[in-house]
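Take a look at the structure below.
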Amino acid sequence: MKSLIKFFSSVRLAIVLLIIITIASIVGTLIPQHRSPAEYLDQYGQLANLLIRFEFTTLYHSWWFLGLLILFSLNILVCTLTRLSPKLRRVFRPSLDFEKKSLLVLKVNKRIKKNKNLDQSHDELKKELTSRHYRIKEKKRDNQVFFSARKRMLGLFGSDLVHLGLLIILLGGIISGVGGFGTILQISKGQILPVPRADFDLRLDKFETEYYPSGAVKDWKSTLTVIEEGKQVLTRIIEVNHPLSYKGYVFYQSSFGWDWKNPTLEIWANKNSDPGFVKKIELKIGEKARLNDDGFEISALHFVPDFVITENNQIATRSLEPNNPAAFIEGWQGEEKIFSGWIFAKFPDVDRIHSSRETDLKLELKGFKGNQYSGIQMSKDPGVNFIWLGCSILMIGLFVAFYWPAKEIKVILEESQGRTELIAGGLAPKNKEAFASEFNSLMTTLGRSK
Amino acid sequence: MTESILFLITFILYILAALFYFGFLFSKKEGTAKTGLSIASVGFIIHTLALILRTFESGHAPFTNMYESLSFLAWSSVFAYVFVEIKYKVRKAGAYLMLIVVAVMAIASSPLMPKEATPLVPALQSYWLWLHVSVTLFGEAFFAVAFITSIMYLVADSREKEGKARKSGLTSERLDSISYRCVAVGFPLFTLGGIVFGMVWAYKAWGSYWSWDPKETWSLITWFVFALYLHTRIVMGWKGRRSAFVAIIGFLAAMFTYFGVNYLITGLHSYV
């Protein structure tokens with residue numbers, strides 16, 4: 001046990017672990033994370049199996065990375081605790097039993113001989129230190145007075161607060177990792193969706209996209225209603241950067257998309273022989289619409305938002321974005337199919353229509369309306385409060401450590417034959433240069449009044 | 001339009017300041033360096049006006065694309081330098097720092113950088129943009145000064161060892177201590193702006209405070225390097241050469257987080 005504590009109390013270990021964790025983190029940004037095995041095989045060949053086996057492909061969630069973080073946490077904990085009690089003693093029970101020698105080895109130190117007696121020197125020193133906002137403890141012994149003058153001593157605990165904050169953050173991270181859960185919900189207008197792992201439902205009342213005059217997206221807004229046991233509990237508009245929080249579940253506006261299952265198409269029929277003729281038809285997939293009085297009908301069978309022909313000659317959609325919308329239509333005269341094929345919204349002059357006989361018709365896909373759905377990132381993260389607590393403590397610690405540096409001056413006044421010798425030494429672990437100049441100016445003042 | 005004129009005037013003033021500082025390296029006359037400082041300060045004030053104008057013209061924070069954020073980095077670096085110069089009188093460092101500032105301004109004004117203010121994508125419309133970016137860049141500006149003084153330390157140290165340099169004025173020991181002071185100012189700022197504010201914003205916008213996105217990871221790596229710097233120095237008593245090397249690596253990591261990640265690795269954080 002003792003040797004284990006000794007092992008973990010080493011700063012050298014902390015440095016080594018920090019270097020290893022840093023290198024591992026770098027490696028994780030060089031190897032793409034969370035891809036499919038095929039992609040790794042493609043990129044790394046033989047090496048891929050090894051990378052996957054040792055979890056380099058999910059590095060930050062791997063057992064060995066977690067292990068490093070746990071070792072590091074233990075290291076921080078033991079390092080902080082073993083250094084805490086001497087520090088507490090130093091701050092709250094300052095020792096006045098020091099010797100001349102120990103003062104003269106401090107980084108800043110000074111010896112001054114004064115033609116004053118002990119009491120005069122004592123009062124003068126006390127006045128100077130107090131005017132510089134030092135708090136003083138003193139002890140008299142024979143012909144000597146021992147001074148301990150200190151200020152901003154809480155600054156010494158800055159680093160401990162930083163370490164405490166870090167530990168709480170790491171704890172919060174583990175809690176998030178174990179108990180956290182998130183997914184993307186796709187919800188269309190009017191739809192009621194049960195929230196996974198929760199006892200309430202969510203309804204999308206309204207979804208709108210706001211645009212800048214240039215046409216770029218400004219914002220997405222979803223009006224959400226929480227429904228619990230059949231009752232509407234609350235309605236809130238969420239937008240990017242303004243999530244809805246309910247019972248520890250948080251809902252973020254993250255994206256939007258198109259639902260192309262049942263779009264409404266607008267098709268214009270023109271006649272080659274009569275440029276003035278145009279007939280506008282609106283129809284849904286599977287519907288038939290009459291074109292004119294002689295019984296000619298057209299129907300729409302399929303719609304794809306982003307038409308593409310795959311390698312094996314299949315029609316597919318490249319994405320759900322309406323980049324190249326196309327509709328598969330058929331033309332019927334009674335029971336006889338006259339033509340069938342694809343027409344394209346963006347390429348009205350191109351078509352892939354096979355006709356059984358010549359027609360005078362030209363069909364154009366003029367409009368298409370799908371349902372927009374809202375993409376809502378849902379997450380439940382029980383660790384997040386630990387994270388904010390840890391971050392706050394960490395920041396307080398950092399600012400205390402660097403902007404509120406502790407300063408300590410120890411002085412021995414020694415009288416012999418009516419003269420006093422002043423021996424002083426100073427300590428400031430964080431702010432040596434500024435402290436040295438403060439110390440020197442104090443010593444100059446004291447030295448002047450011999 | 002006025003913003004670009006002010007930017008140009010700033011650019012010219014920074015070049016002049018750099019020239020005066022370089023003049024000081026040769027003339028060794030205090031006055032030359034002081035003129036450099038005055039010109040840089042005037043440039044800084046005009047630059048501030050340019051940034052304020054930009055904010056009013058575009059209606060959003062002046063660091064949402066590469067041009068804007070480079071300009072802001074130059075501005076915060078000049079601020080950090082003027083601060084350090086007034087406090088520690090590190091005159092010589094001005095030459096190198098202003099050189100870097102001029103280079104950053106030159107990249108910002110190159111025709112490859114689109115300069116028109118574009119409307120913000122939804123994810124960037126948040127006051128966290130102000131907090132996250134400005135505090136981070138201020139921290140990095142102090143790292144930049146630490147970087148310069150660390151390099152100057154390495155040069156001064158080897159010259160002193162060869163007995164070429166006089167052991168007075170800006171000694172290697174003083175440079176070492178100044179570069180530590182800069183890290184000590186920059187580190188809390190970088191932690192607050194880069195890591196903590198970044199986490200808060202990520203949680204508000206993406207629903208997760210940490211996603212191991214390359215930019216997040218690299219800012220953590222930068223943080224680790226400076227944590228190493230502080231621990232090796234304060235606890236293990238490293239000084240001088242070794243410390244200077246760590247500070248240099250730290251600044252390079254910060255710059256890689258800032259630029260490199262955008263161009264070399266793709267991720268969530270693909271704005272600037």
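As the structure is a computational prediction, the values presented were derived from the model and not from experiment. Lettering follows sequence order; numbering is per chain, from 1.
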Next on the checklist: Within the supplied structure, the quantity of interest is the number of heavy atoms (other residues, nucleotides, ligands) at a distance under 6.0 Å from B:Glu173 CD; does it exceed 12?
Outcome noted: no
Review item, side-chain donor-acceptor pairs of residues 146-154 of chain B, under 3.5 Å, at least two apart:
| residue | atom | partner | partner atom | Å |
| --- | --- | --- | --- | --- |
| B:Thr149 | OG1 | B:Val145 | O | 2.9 |
| B:Thr149 | OG1 | B:Ala146 | O | 3.1 |
| B:Ser150 | OG | B:Ala146 | O | 2.8 |
| B:Ser150 | OG | B:Ser179 | OG | 3.4 |

Item to check | Heavy-atom pair count under 4.5 Å with chain B, highest-scoring of A:Asp219, A:Val11, A:Leu18 | outcome: A:Leu18
Checklist entry - Do the ring planes of A:His163 and B:His231 sit parallel (below 30°), tilted (30 to 60°) or perpendicular (above 60°)? => result parallel
Item to check | Top of B:Ala253, B:Ser177, B:Pro119 for chain A proximity - count of heavy-atom pairs under 4.5 angstrom | outcome: B:Pro119
Item to check | Verdict with reasoning, B:Trp210 to A:Tyr60, per ring-ring contact (aromatic ring centres under 6.0 Å, His included) | outcome: CA-CA 11 Å; B:Trp210 196 266; A:Tyr60 305 112; 9.1 Å; no
Checklist entry - Which answer fits A:Ile387, side chain, backbone, both or neither, if we ask what part of it has an atom under 4.5 Å from a heavy atom of chain B? => result side chain
Checklist entry - Which is it for B:Trp218 and A:Thr29 under the side-chain hydrogen bond (donor to acceptor under 3.5 Å, both in side chains) test, yes or no, and what are the steps along the way? => result CA-CA 8 Å; B:Trp218 269 96; A:Thr29 63; 3.0 Å; yes
Item to check | Option in B:Val196, B:Ile221, B:Val185 with maximal non-hydrogen atom pairs under 4.5 Å from chain A | outcome: B:Ile221
Item to check | Which residues share a side chain to side chain donor-acceptor pair (under 3.5 Å) with A:Tyr212, sequence neighbours left out | outcome: B:Gln125
Checklist entry - Does a side chain donor of either B:Trp201 or A:Asn241 reach within less than 3.5 Å of an acceptor in the other side chain? => result yes
Checklist outcome for this item: Bottom line for A:Leu166: the part with an atom under 4.5 Å from chain B's heavy atoms is side chain
